[in-house]
Amino acid sequence: MNETYYEYGTPAERWDRAKLFFDAKEYVTAARILGGLVAEAPEQIAPRLLLARAYYHSARLRLAEAELRAVLELSPVEHYARLMLGRTLERQGRPEEAGPHLRMAAAMSSDPAPSV
């Protein structure tokens, strides 16, 4: 893959750039930038969650699942990651696996019907 200006700059500049692309629904480009940020700081949850969302919205569900599982390994109480993992598993046709994550997300959230 050829490097472009997307990958240049400080982590803060790349984070801002990734959010701009995500907000513009340019999920593949956002994921490309976020992938570099996650590789540099794998312990940070926010870039991983946004990367998982970018993967989800660009229908790269296996990659979204992997990122969400990594987030939950770092922070098992991250209810949004549970919700997203459940939705991702549902979208892959795996409702039996999705159920426990969705129930746990609902129990952890004050919102009775959260969305991705």
Side-chain angles (χ1 to χ4, degrees):
M1 168 169 30
N2 292 333
E3 287 193 20
T4 63
Y5 79 93
Y6 304 137
E7 287 87 14
Y8 293 110
T10 66
E13 290 169 339
R14 288 180 286 142
W15 170 249
D16 290 340
R17 192 175 303 125
K19 289 191 303 184
L20 287 172
F21 278 104
F22 185 89
D23 291 343
K25 298 183 180 184
E26 294 287 338
Y27 302 118
V28 172
T29 303
R32 184 172 167 186
I33 298 165
L34 290 161
L37 290 171
V38 167
E40 291 174 24
E43 73 285 352
Q44 291 187 0
I45 291 176
R48 280 190 179 276
L49 271 177
L50 192 57
L51 178 57
R53 290 178 65 200
Y55 285 150
Y56 179 89
H57 288 298
S58 61
R60 295 186 289 172
L61 301 177
R62 294 282 181 182
L63 294 171
E65 179 184 348
E67 284 304 320
L68 292 165
R69 290 188 187 280
V71 167
L72 291 171
E73 199 170 297
L74 292 168
S75 179
V77 296
E78 180 58 58
H79 75 87
Y80 188 68
R82 288 254 175 234
L83 171 66
M84 280 192 62
L85 180 56
R87 297 279 190 246
T88 300
L89 292 168
E90 279 183 331
R91 201 167 160 195
Q92 292 180 68
R94 296 158 59 192
E96 310 81 30
E97 291 177 65
H101 295 288
L102 294 173
R103 285 189 296 277
M104 194 175 299
M108 297 165 85
S109 172
S110 60
D111 186 359
S115 62
V116 174

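Geometric assessment of R91 against the ring of Y56 yields a positive cation-pi assignment under the 6.0 Å and 45° thresholds.
Scanning for ring-ring contact (aromatic ring centres under 6.0 Å, His included) contacts around Y27 gives F22, H57, with sequence neighbours left out. Listed by chain and number, the residues in a salt bridge (Lys or Arg N to Asp or Glu O under 4.0 Å) with E13 amount to none (sequence neighbours excluded). In this structure, the side-chain hydrogen bond (donor to acceptor under 3.5 Å, both in side chains) partners of S58, at least two apart in sequence or on a different chain, are R60. Scanning for side-chain hydrogen bond (donor to acceptor under 3.5 Å, both in side chains) contacts around R17 gives an empty result, with sequence neighbours left out.
No donor-acceptor distance shorter than 3.5 angstrom exists from the side chain of S75 to the backbone of V71, with no hydrogens or angles considered.
In plain terms, the two heavy atoms of A64 and T88 that are nearest each other are CB-CG2, 4.2 Å.
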Side chains of residues 33-50: which donor-acceptor pairs under 3.5 Å do they make with residues two or more places apart or in other chains?
residue	atom	partner	partner atom	Å
E40	OE1	R14	NH2	2.9
E40	OE2	R14	NH1	2.7
E40	OE2	R14	NH2	3.1
R48	NE	P42	O	2.8
R48	NH1	E67	OE1	2.6

Ignoring hydrogens and angles, write down the donor-acceptor pairs under 3.5 Å from the side chains of residues 94-103, residues two or more places apart or on other chains.
residue	atom	partner	partner atom	Å
R94	NE	E97	OE2	3.0
R94	NH1	E65	OE1	2.8
R94	NH1	Q92	OE1	3.0
R94	NH2	E65	OE2	3.1
R94	NH2	E97	OE1	2.9
H101	ND1	R82	NH1	3.1

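By the 4.5 Å heavy-atom criterion applied to side chains, M108 and Y80 are not counted as neighbours.
Atom CD of E73 sits about 14.5 Å away from atom CD of E78, to the nearest 0.5 Å. A distance of 9.0 Å separates CG of L72 from CE of M104, quoted to the nearest 0.5 Å.
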